[in-house]
Amino acid sequence: MDERLAGAPDEAVVRRRYRQLRAIRRFEERVLAAFDDGVLTGTTHACVGQEANAVAIAEALGDDDHVFSNHRCHGHYLARTWDVAGLWGELTGRPDGVCGGVGGSQHLSAPGFRSNGVQGGIVPAAAGIALSRALSGRDGLSVVFCGDGTFGEGVVYETLNIAALWRLPLLVVVEDNGWAQSTPAALNRAGDLPARIAAFGIPVDDVDSTDVEILATASARAVATTRAGGPAALVIRTYRLCHHSKNDDARPADEVSARWAFDPVAIQAGRLDGAARLQIDGEVEAALAETMGSVPAAVAA
């Protein structure tokens, strides 16, 4: 594990969290630039603006826990593994990719980590992993990251019912960015999302923040609740600062512009002095360049 990206065990928490946020952000920016320059083809779903969710949850997990992610999985995978070489190899279709170059951007499979582009289907799959853990007597829990649009799928509610009945060690992390691809939540979801989950008797923590410090506290609490006899849910009111996939974005430009005031990387950067921030930025850039080469990308302000 490259400590320039993940941080050293004895590094101050505020610095380590900034380092990890910055590393995920710069990885995604480089990936998007690679598409723009024709280095990569097809599509991808970047997590720009949502990095704090991944960093906070990963920090709260143990070695035996399992993560199941979705189409927007790069940040989750990096925060959990810091395997930049494996992820970049996968995106570029090389044999050294985490899935030998055949899974691509959305479909990753590694020890303790899976992702799939089928949003509704990932929830029962993650519950199956939780059931396996429970039946085998293992202590690890199963975490599934899903979006607010996932709650338009009936299989999600069937899974919540079974998870609650069987007390499965399943933590559902809902990254509610207010848009299901190009449809605002107000046009595709009636009622209150946390209330839907709570109707099954599942404890829900609803956090409206992009601040990694706040999310780290909430994540630790949600993980502890799940370990104590899950399932549990954490709804994070977040926002993606980039398009849904590469270039599609139906959101009002002024809405997106206003949300940059809540950029999780900038929020954490504000807790460091200039010298510390520049040192970390340089170390992150050097580490990514060694793995990804000279893929261009403008450095975010």
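Here, residue 1 is the first one in the sequence, and each next residue gets the next number.
- Between Ala232 and Thr225 the shortest heavy-atom distance is CB-CG2, 3.9 Å.
- Between Glu59 and Ile57, every side-chain heavy-atom pair lies at or beyond the 4.5 Å cut-off.
- Salt bridge absent: Arg240 and Glu28 never bring a charged side-chain N and a carboxylate O closer than 4.0 Å.
- Remark: Glu290 engages Arg4 in a salt bridge, criterion side-chain N to carboxylate O under 4.0 Å.
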Donor-acceptor pairs under 3.5 Å, side chain of residues 126-140 to any protein atom, not counting sequence neighbours: which ones?
residue : atom : partner : partner atom : Å
Arg133  : NH1  : Asp64   : O            : 2.3
Ser136  : OG   : Ser132  : O            : 2.9
Ser136  : OG   : Arg133  : O            : 3.2
Arg138  : NH2  : Asp64   : OD1          : 2.5

Quiz item: Given the rule in the salt bridge (charged side-chain N to carboxylate O under 4.0 Å, His left out) test, do Arg196 and Asp192 qualify, once you have shown the distances and angles that lead to the verdict?
Solution: CA-CA 6 Å; Arg196 292 187 179 196; Asp192 181 67; over 6 Å; no
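- Between Asn70 and Gln106 there is no side-chain heavy-atom pair separated by less than 4.5 Å.
- In this structure, Arg227 pairs ionically with Asp65, as a charged nitrogen and a carboxylate oxygen lie closer than 4.0 Å.
- With contacts defined as side-chain heavy-atom distances shorter than 4.5 Å, the pair Arg277/Tyr18 qualifies.
- Both Val235 and Val123 sit in one connected hydrophobic cluster of ILVMFWY residues. Membership requires side-chain heavy atoms under 4.5 Å apart, directly or through other members.
- Residues Val174 and Val204 are not in side-chain contact: their nearest non-hydrogen atoms beyond the backbone lie 4.5 Å or more apart.
- For Arg167 against Gly201, the heavy-atom pair with the smallest separation is NH1-O, 4.4 Å.
- Rounded to the nearest 0.5 angstrom, Trp88 CH2 and Leu288 CG are separated by 10.5 Å.
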Show which side-chain atoms of residues 5-13 pair as donor or acceptor with protein atoms under 3.5 Å away, not counting sequence neighbours.
residue : atom : partner : partner atom : Å
Glu11   : OE1  : Arg19   : NE           : 3.1
Glu11   : OE2  : Arg15   : NE           : 3.3
Glu11   : OE2  : Arg19   : NE           : 3.3
Glu11   : OE2  : Arg19   : NH2          : 2.7

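- For the pair Arg25/Asp263, a side-chain contact is recorded, criterion being any heavy-atom separation below 4.5 Å from C-beta on.
- Dense packing is recorded around CG of Asp273, with more than 12 heavy atoms of other residues, nucleotides or ligands lying under 6.0 Å away.
- When atom types are taken as modelled, the side chain of Thr92 and the backbone of Gly89 share a donor-acceptor pair closer than 3.5 angstrom.
- Side-chain contact of Ser115 with Ser69: a donor-acceptor pair under 3.5 Å is absent, judged by distance alone.
- In this model, a donor atom of one side chain and an acceptor atom of the other lie less than 3.5 Å apart for Gln268 and Arg271.
- Below 30°, between 30° and 60°, or above 60°: for His74 and Phe27 the angle between ring planes is above 60°, a perpendicular geometry.
- Taken from CZ in Arg114 to SG in Cys73, the straight-line distance is 13.0 Å, to the nearest 0.5 Å.
- Here ring pair (Phe, Tyr, Trp, His ring centres under 6.0 Å) pairs that include residues 91-141, with residues two or more places apart or in two chains, are Tyr77-Phe113.
- Tested against Ser209, the residues Asn53, Ile214, Thr217 include a single side-chain contact (heavy atoms from CB on, under 4.5 Å) partner, Ile214.
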